[in-house]
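Report on the following structure.
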Amino acid sequence: MNEENIVEIKDLRKSFDKGKVTALNGIDLEIKKGEFVSITGPSGSGKSTLLNMIGALDRADEGSVHVAGYDLTLKNDLSEFRSREIGFIFQLHNLIPNLSVLENVEIPLFERNLSGEEMRERALKLLEYMGLSDKVNRKPTELSGGERQRVAIARALANEPSIILADEPTGSLDSKNGQLILEHLRELHEKEKVTLIMVTHDMNVASLANRTIEVLDGRIKT
Amino acid sequence: MSFISLIVKNPFRNKTRSILAIIGIAIGIATIVALGIVTDGLKSSTEDTLKAGGSDFTVMESNISDMLFSSIDEDYVDKIMETDGVEDAVGVLTAVQPIGDNPYFIIIGIDPAKLYLSEMEITSGSAFSSEDAKELVMGKVAAENLNKTVGDSLTLNNTDYKIVGIYQTGNLQQDGGVFMSLDNAQEIQGEEGKVTMIYVKIEKDANVEQITQSIEDKYGNDLTTVASLEDLQSVDQGLNVIDTASWAISLLAIVIGGVGVINTMIMSVYERTREIGVLKAVGWKNRRILSMILGESVVLTLFAGVVGIVMGVVAIQVILAMGMSGIIEPIYSLDVFLRGFLVALIVGLVGGFYPAYRASNLPPTEALRYE
């Protein structure tokens, strides 16, 4: 694996429904450390499946997937990889409703052997960074859509991941809140030098990235 | 936030469902606890009866299913007295008759000269004087329940017996009945020349085991000796039946409670499928998800354990208040409460395992796609 690359994928194939539905049909992809890449394509093109493969949420049928030095086709339990290297941001915030904003951000830290105080400090710092210091004790239902997504970004950053994977992060927001979230993500990429891979079907959003990859029928369009 | 506090918080997201599940399990635990309190009281009372008057062991008929069915010839009292090491022996006839509100009113017939062996304390009046006199002494509890005092009479089998004294022994069964002469008791029961059991007191340095062995060797065909509650359980099936029933009810409570917990936890996991997907995405190990769901199940059942124990104690108090205080002697032992908690814990672990296993093995992408 080239040392400059954080993601190296070769001839990745994935199908569902016992092979009846082909999602990825021979993907070759390299992403450099610190890059901001957007993945676009129509619905059902396989872009979210590709993102799930990079984040080790799903397994390849064929081909090789190397991410942050891990060979994702080899190991059975990839929870440690996800905990150390990946931060996910979903279209829907997916916050836990009965926990406070602060507790939601602490959730990924359970696997990191930190004391309660250390967990709290790190979560508070991230919420301050996201401009939510005054909302730490609120429940997700007491926040606006944009605020919830900012909490979700703070949660994704909790484990100090090397890659942030965002699947339509502005898809459920109005344009004003969507813009705010994109600014946060761009700032994150520029200041923290974190690798950002974002799936979107919106070409305006995609244009913010350093590089745009278009997926069509399970292949990267060249 | 600690992992434990997360586990304690989660089961109460859907308060109505959790409270209903807790009540369902608590009813089972309450049954176990209430039955345990009554059974322990019964065992203690039976043990007191066996050791009446500080006797060292009791002799009763062999091959019987319940000690009250024992019937042996009165002649054996003298034969036992002749056994080496025996200091004293007295034959007693125990009968049960429904009197007033008490369906288990105990009548104990004993030689007046050996009344000292019963270790009773006469609190008013005196002991009955002779074999022939139509007299009896009444237990304190029976006197209170029947509103009788010294000088009143009690009719048994159409014969009036004068109450000459009120006694207490501290044993609910005995204090809820009467003592009278052996002849009178035999007449009431129509069992002339028979006794139910023989209380035996041994000499100071004599060995109980040697003496009981000697009696069993000589009269083993007709008699058996009982020196402890364990001995009694080997000859008296009544206590065994209660013990077995108690365990059967515990098992039933585990099964019913377990099914309730499985249902509650499966619903909870089902509703939180997407959330479980997120937990996997942020790096939670399968083991942690399993521990969380199993922990939630145990929290639910331990709450049910506390509620069930309180319900069990309250149920006993209600039963006592309904006029059963002369029959039931509750014993609130730590053992009974621990048994309630143990059952709650088992229900939590057994009922929670399958939902926890299912949650921990959910594929993350499927869980995240769940609507």
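To find a chain, count down the sequence lines: A is the first, B the second, and so on, and within it residues start at 1.
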Would you find more than 12 non-hydrogen atoms of other residues, nucleotides or ligands less than 6.0 Å from [X] atom [atom1]?
| X | atom1 | answer |
| --- | --- | --- |
| A/D217 | CG | no |
| A/R59 | CZ | yes |
| A/D134 | CG | yes |
| B/E271 | CD | yes |
| B/Y332 | OH | yes |
| B/Y270 | OH | no |
| B/F337 | CZ | yes |
| B/F12 | CZ | yes |

Fill in: Polar contact flag, side-chain donor to acceptor under 3.5 angstrom, B/N10-A/N98
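Their side chains do contain a donor-acceptor pair, which is all the 3.5 Å distance test asks for.
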Worksheet item: Charged N to carboxylate O under 4.0 angstrom, B/K9 versus A/E103?
Response: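 Counted as a salt bridge, because a side-chain N and a carboxylate O are separated by less than 4.0 Å.
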So for [X], is it side chain, backbone, both, or neither that comes closer than 4.5 Å to the heavy atoms of chain B?
| X | result |
| --- | --- |
| A/P97 | side chain |
| A/L92 | side chain |
| A/R84 | neither |
| A/F110 | both |
| A/N52 | side chain |

Quick check against the 3.5 Å criterion: does [X] have a side-chain atom that pairs as donor or acceptor with the backbone of [Y]?
| X | Y | result |
| --- | --- | --- |
| A/E111 | B/K285 | yes |
| A/R82 | B/K280 | yes |
| B/E275 | A/I96 | no |
| B/W284 | A/S83 | no |

Considering only heavy atoms from C-beta outward, does the side chain of [X] approach that of [Y] to under 4.5 Å?
| X | Y | value |
| --- | --- | --- |
| B/L6 | A/L99 | yes |
| B/L368 | A/F90 | yes |
| B/M1 | A/L102 | no |
| A/D77 | B/N286 | no |

Worksheet item: About how many Å separate OG of A/S79 and CD1 of B/I289, when rounded to the nearest 0.5 Å?
Response: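 So the gap between those two atoms works out to 8.5 Å.
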Discussion item. Quick check for you: to the nearest 0.5 Å, what is the distance between B/F3 atom CZ and A/E106 atom CD?
Written reply: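 Answer rounded to 0.5 Å: 14.0 Å.
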Worksheet entry | Heavy-atom contact with chain A under 4.5 Å, split by part of B/T365 |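 Both parts, backbone and side chain.
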